[in-house]
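For reference, the structure discussed in these notes is given below.
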Number of protein chains: 2
Amino acid sequence: MRRSVTIKHVAAEAGVSLQTVSRVINNGPNVRPEVRERVNAAVEKLGYVPSLAAQRMGGSRSYLLLALNDRDRTIEGWKSGEGTDWVDQMLLGGMLKSAEFGYRMIFELVDTHSSQVEREVQAAISALHPDGVILTPPHSDNPLITQLLVQMGLPFARIGSVAAGPGFAIVMDDRAAAEVATTHLLDLGHQRVGFITGSDEYVLSGARLDGYRRAISNRGLPLDDDLVGRGDFSFESGVRAMEAFFALESPPTAVVASNDQMALAALRVANGRGIQVPDGLAIVSFDDTPIVRFSNPPLTAVVQPVAAMAAEAARLLIRAKAGDKDLPPGVTIPFDFTVRRSTRAD
Amino acid sequence: MRRSVTIKHVAAEAGVSLQTVSRVINNGPNVRPEVRERVNAAVEKLGYVPSLAAQRMGGSRSYLLLALNDRDRTIEGWKSGEGTDWVDQMLLGGMLKSAEFGYRMIFELVDTHSSQVEREVQAAISALHPDGVILTPPHSDNPLITQLLVQMGLPFARIGSVAAGPGFAIVMDDRAAAEVATTHLLDLGHQRVGFITGSDEYVLSGARLDGYRRAISNRGLPLDDDLVGRGDFSFESGVRAMEAFFALESPPTAVVASNDQMALAALRVANGRGIQVPDGLAIVSFDDTPIVRFSNPPLTAVVQPVAAMAAEAARLLIRAKAGDKDLPPGVTIPFDFTVRRSTRAD
DNA sequence: CTGTTAGCGCATTCAA
DNA sequence: TTGAATGCGCTAACAG
């Protein structure tokens, strides 16, 4: 069992002090190029890699980012196997961006609804001492968590949180996205476009509804409350909303759903009534998780840039920890809009 | 910015030495119950949680497990958004099981094909000093990696590796699974059942082919090489294999594909030729990633117990690190088989 | 520009 | 059964 090589070995090999090696490792200033090269050569030769634990012990940085997701929601998604790829996209964006800076992202689950939230978060932070924390919905808007973080002086990013406040707000423009989605349907000639909202627990639900309304108003069409169905992101709530629509005297000919599950519910209800999509009902979805690409027909959808948001969160936190003071309080990441057969008559 | 509470604070609060606190934390022996309680009370009161970094520095354990996945394959999966949930299932099984023991699982990507594999793995280990490493295909069968691990004296688990050798081999019985899948089709009356193999890079590809052959032989049917298409787990390879099948004088009426992508390819090719599934062609898939549940029709599939395998890997590694000598060299995790419409005429 | 000193928070010897 | 000393590998603050 080979003992691992430490900074001491490198120092000996290069014939310099530990400190100089440390400076080279951290790209510190005040090192003669010649010495720097000698040290780098020794590092290379010995295959030295600093121990994260020791770096954290000695210095002020841990090179760790902590990503917090909602426990129930995440586990439920994993177990159901319904293909929600939020976590994957977060890893894609967050891990890879972190790695660029020599950081690592550790993923943890905490229960937002528990009275223990603070304890859970506190415990994770005490154990890991991360340099920054990435919050995802619904944690992003949980004051218990954000206040704790502020109090601890830990930089954090709130993904998907439009609310002002401490921490970097990383959002996509949900209102604009909903407007684009709705306008797309209006452009196709639809006069009665329905909208299914998400859970009120998520601030973005309101933003999406706003965008829908704006698109309708912009065309000079009336805002009909009957065309707004209340959902909670669940398939069942989508079914209920759709059935309410079809019970109307004049049902919508197109619908925007605030997430994929509810959009699939719309598809299901339409099919159940013998209504063809997109001819009888056009559907636009939000989020663009994998399943909507494999439904029949595949659904037109607003693409939530989860990977890009996570990457930006990581970047901001790392720069903040590095002392960069010139950082924006928030960032809006562009969304994509993918047209598929659910709104297009091929 | 509140300074974090350390073992020192707890010791002061409880009126004992640092050492005693450490003993209580680690469930060490030789502590009077009365003192133990006093310490626990102090821990509770102060909300003390040991620092992972410090634990690793002082002691011999890091409470970290390192999970290694193939970089290209994983990133490709994430980017394509095709809903492969291998990573999710690994996290589900590995993270949650690790957490039960106070461990954390860190997920990293390394490139198996690179000449740098050893350096990459070495670097991750040097930085993290994990107590154990979880290898996933194709790393599980990469001798460069396994030898390095052996040499470092690090416990590791090989998920999906049937080969004998060092490290815990965590597998599902691929041969039996393929046999079950094939037999299922034979039971439905199919006489000509095709099989699409996976990449030779994966040992399990051979095992699945064996199972297929065994099922055919068991029925006294001839082994027809034309009915074995060579794939590499990609959609395209599935398409090629299927087209070769349909070019035969007597094409198969059912097919077992070694993964979901190739099974979907089979479905696509059949549809393209106006062949109905399951009437004109029955399809069984391997892996059961989410997309096959949403295809039309949904596919019958062998369910790969990824979460259970990761959980078992974590459990074994943690127990090994704890000094348990009575551990099996490998474990076979039961697979599931889910029948859906692609093999059933409703 | 470079080296020296002093911890970081804990577990592992030892000694009591 | 408990406590005191020592060191893990590194960086920060200070000297030189």
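Fair warning: this is a prediction, and the values are worked out from it, not measured in the lab. Chain identifiers are assigned alphabetically (A, B, ...) following the order of the sequence lines, protein sequences preceding nucleic acid strands; residue numbering begins at 1 within each chain.
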**Report entry** Position toward the 5' end of DNA chain D (nearest nucleotide), A:A54 or B:G15
**Finding:** B:G15
Closest to the [X] side chain, choosing from [options]:
X	options	result
B:T6	D:dC10, C:dC8, C:dC10	C:dC10
A:S17	D:dT2, C:dT4, D:dA12	C:dT4
A:Q19	D:dA13, D:dG3, D:dC10	D:dA13
B:V35	C:dG9, D:dT11, D:dT2	D:dT2
B:T20	D:dT2, C:dT2, D:dC10	D:dT2
A:Y48	D:dC10, C:dG9, D:dT2	D:dC10
B:S22	C:dG9, D:dT1, C:dA11	C:dA11
A:M57	C:dT12, C:dT2, C:dG9	C:dG9

Requested in this report: With side-chain hydrogen bond (donor to acceptor under 3.5 Å, both in side chains) as the test, would you mind laying out the steps for A:T112 and A:H139 before giving the verdict?
Outcome: CA-CA 6 Å; A:T112 280; A:H139 299 324; 2.2 Å; yes
Report the distance from atom [atom1] of [X] to atom [atom2] of [N], rounded to the nearest whole Å.
X	N	atom1	atom2	value
A:Y63	D:dT11	OH	P	7 Å
A:E37	C:dC1	CD	P	15 Å
B:L52	C:dC10	CG	P	11 Å
A:R38	C:dT2	CZ	C1'	11 Å
B:R32	D:dG3	CZ	P	9 Å
A:L128	C:dG9	CG	P	16 Å
B:H9	C:dG9	NE2	P	8 Å
B:L18	C:dT12	CG	P	15 Å

Are [X] and [Y] ion-paired here, with the side-chain N under 4.0 Å from a carboxylate O?
X	Y	result
A:E13	A:R38	no
B:R315	B:E312	yes
A:E76	A:R73	no

Taking 4.0 Å as the cut-off, does a side-chain nitrogen or oxygen of [X] come that near to OP1 or OP2 on [N]?
X	N	result
B:N30	D:dT2	no
B:R61	C:dA11	no
A:S60	D:dT11	no

Requested in this report: State whether the distance check finds a donor on one side and an acceptor on the other, under 3.5 Å, for side chain B:R56 versus base D:dG9.
Outcome: no
**Report entry** Within 6.0 Å of CD in B:E37, more than 12 heavy atoms from elsewhere
**Finding:** no
Query raised in the report: Would you say A:R319 has more than 12 foreign heavy atoms packed within less than 6.0 Å of its CZ?
Result: no
Query raised in the report: If you look at every strand shown and take non-hydrogen atoms under 4.0 Å, does A:G59 touch a base, only sugar-phosphate, or nothing?
Result: sugar-phosphate
Requested in this report: May I ask you to say what A:P29 touches in the nucleic acid, namely base, sugar-phosphate or nothing, with a heavy-atom cut-off under 4.0 Å?
Outcome: nothing
Report task. Please figure out whether B:Q55 or B:R23 has its closest DNA chain C nucleotide nearer the 5' end. Result -> B:Q55
